[in-house]
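Per chain, numbering begins at 1; letters A, B, ... match sequence-line order.
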Number of protein chains: 2
Amino acid sequence: MAGRAAVPEVIWARPERTGRGPKPAFTRADIAAAAVRIADAQGLDAVSMRHVAAELGCGTMSLYNYVPRKEDLYELMVDAASGEHELWEPTGDWRADMLHVAHQTRELMHRHPWMPRLMSGVYGFSPNALRYLEHCLACLDPLDAPSGTKVELIAMLNGCVTVYVSNELATAERARSLPWSQEQETAVRIAYLGSQVASGAYPRLAASFMEDAGPIDLEAVFQRMLGRVLDGFDPGPRPGPRPGPR
Amino acid sequence: MAGRAAVPEVIWARPERTGRGPKPAFTRADIAAAAVRIADAQGLDAVSMRHVAAELGCGTMSLYNYVPRKEDLYELMVDAASGEHELWEPTGDWRADMLHVAHQTRELMHRHPWMPRLMSGVYGFSPNALRYLEHCLACLDPLDAPSGTKVELIAMLNGCVTVYVSNELATAERARSLPWSQEQETAVRIAYLGSQVASGAYPRLAASFMEDAGPIDLEAVFQRMLGRVLDGFDPGPRPGPRPGPR
DNA sequence: GCGCACTACGTACGGTGTACGTAACTAGGA
DNA sequence: TCCTAGTTACGTACACCGTACGTAGTGCGC
């Protein structure tokens, strides 16, 4: 009806190759790999159309033949990283399988620290995302629940892993990007928090800081979180609130 | 020792006013309010130093007297929005109180759709964040658990709410920003997903789509998620996996 | 009253996404 | 077989971004 609209679709809906004209010099996989390489090495902010084009060895505007908008470049990156999930034959123990999935996701995000930031802005149904979803559903076959509930489980687990790693990375990043030494920064931080807490306005917070001084075991916290998520879907006998060592 | 370092601290650690020189024309609250106004009306990407300065009626570079880096502007925005949390006298029912907190957070994020995106890049201990934390801890007084566990509960609840709303907003945004009509977009989407699913590579996904066709009740899904999070911390009698209507 | 720390702000630089125009190329239909 | 339409390639240009830097004016503390 109206004149042709300007590339609004999800990139996965447009074919990679249409058949007419000269052969494309790159595949989407090439482009995604280049962008991922840059993001891993120099951070997400270094991923610009110019940079990626340079990495590929082509002119900036040539990239737009493959990737209509930068947003779509992100889509390619997330899909490429999602492709790194190793999928296995489900063991029959859905709990163990989902724990394994979650740990793998965490490792993947540590390997590609830009992933959490991109996850929320992305379509979510890229080819590799579908494959991943299907695999999770296969792992959940032994769980007696409606498929809607299973999808909710997967979404919740992924969401929790994403925010958890996001916090992990933010903390690490803040520590790394300092022109000061770690000690000085920590000192400033403690001085600020201490002054706030010591004001008496936050008694419970103060008590909590006192009680939990010292480094925390990120691994254990992660594990506990996963256990609690899965407990919410487990129809088996209740293991209690799993108080744990802390 | 080394020459003076360049403003690396968290903004909350530096005093708003030092006492010397002319009176500042604005407070941090003014600046935060201006930035929030812009972000609410035109989206987060419209929040630039130039825009905010114009909104305040001052030169661009004057802003840098108050806000050393743009990142700190984000910090101010999140703190300002966090200040919109209404805090109440805990009722003694920690479960109900935390549910209330979560619903309030969701509404707040719907009011300020840029919040989820900023939450993960922010220090997390701004004045209003501390007040909010203290309030949550107060609500959790009746819960018999170590304070570390309580903090984990709060973090997990906030995290889940954040990703949930994030997904809600992404979906809504995608629907809104289309140059096409909603129907056309949905058609394209279904055509793509259908073609993938019909390929037979994703049998469980296909079954799930068949089973769960039709619009989903976001409210109910949210509610269920909250229940499951809180269940993971509830030492009371087990209510079962709360199958719900779906 | 003096000096200095602070506010205010214009200019400028190097970066960004991308609209647009042009030239070369190749596959399909006549 | 040739023609032509659709693609690829890519340089130029524009508007906008964060912010380093320099300069001028202001008012508190000594």
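As judged by a 4.0 angstrom heavy-atom cut-off over every strand, A/F26 is placed among residues making no nucleic acid contact. If you check every strand for non-hydrogen atoms under 4.0 Å, A/A25 touches sugar and phosphate atoms only. Looking at heavy-atom distances under 4.0 Å, B/S62 makes contact with a base.
The residue among A/M61 and A/D45 whose nearest nucleotide of DNA chain C lies closer to the 5′ end is A/D45. Comparing B/E71 and A/C58, the nucleotide of DNA chain D nearest to each residue sits closer to the 5' end for A/C58.
Ring orientation note: the planes of B/H112 and B/W114 are tilted relative to one another, at an angle of 30° to 60°.
Ranking C/dC9, C/dA8, C/dG17 by closeness to the A/R50 side chain, first place goes to C/dG17.
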- Task: Report the C-alpha distance between A/Y164 and A/L218 in whole Å, list the side-chain angles of each, state the deciding distance to 0.1 Å, and finish with yes or no for side chain to side chain contact (heavy atoms under 4.5 Å, CB included).
- Result: CA-CA 10 Å; A/Y164 186 83; A/L218 290 175; 3.6 Å; yes

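Atom CE in B/M49 sits about 19 Å away from atom P in C/dT11, given to the nearest Å. Summarising the geometry, the separation between CZ on B/R14 and C1' on C/dC6 is reported as 12 Å, rounded to the nearest angstrom. For A/L73 and C/dT16, the CG to P distance is 13 Å, given to the nearest whole Å. Following rounding to the nearest Å, B/N65 (CG) and C/dC6 (C1') show an atom-to-atom distance of 8 Å.
In the displayed structure, A/M115 atom CE is contacted under 6.0 Å by more than 12 heavy atoms of other residues, nucleotides or ligands. The environment of CE in A/M77 is crowded: more than 12 heavy-atom neighbours from other residues, nucleotides or ligands sit within 6.0 Å.
For B/R106, the salt bridge (charged side-chain N to carboxylate O under 4.0 Å, His left out) test picks out B/E168, B/E219, with sequence neighbours left out.
With a cutoff of under 4.0 Å to any heavy atom of chain B, the contacted region of DNA chain D is bounded 5' to 3' by D/dC17 to D/dC28.
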Enumerate donor-acceptor pairs with a distance under 3.5 Å from any side-chain N or O in residues 42-52 of chain A to protein atoms, sequence neighbours excluded.
| residue | atom | partner | partner atom | Å |
| --- | --- | --- | --- | --- |
| A/D45 | OD1 | A/R117 | NH2 | 3.4 |
| A/S48 | OG | A/H51 | N | 3.1 |
| A/H51 | ND1 | A/A46 | O | 2.7 |

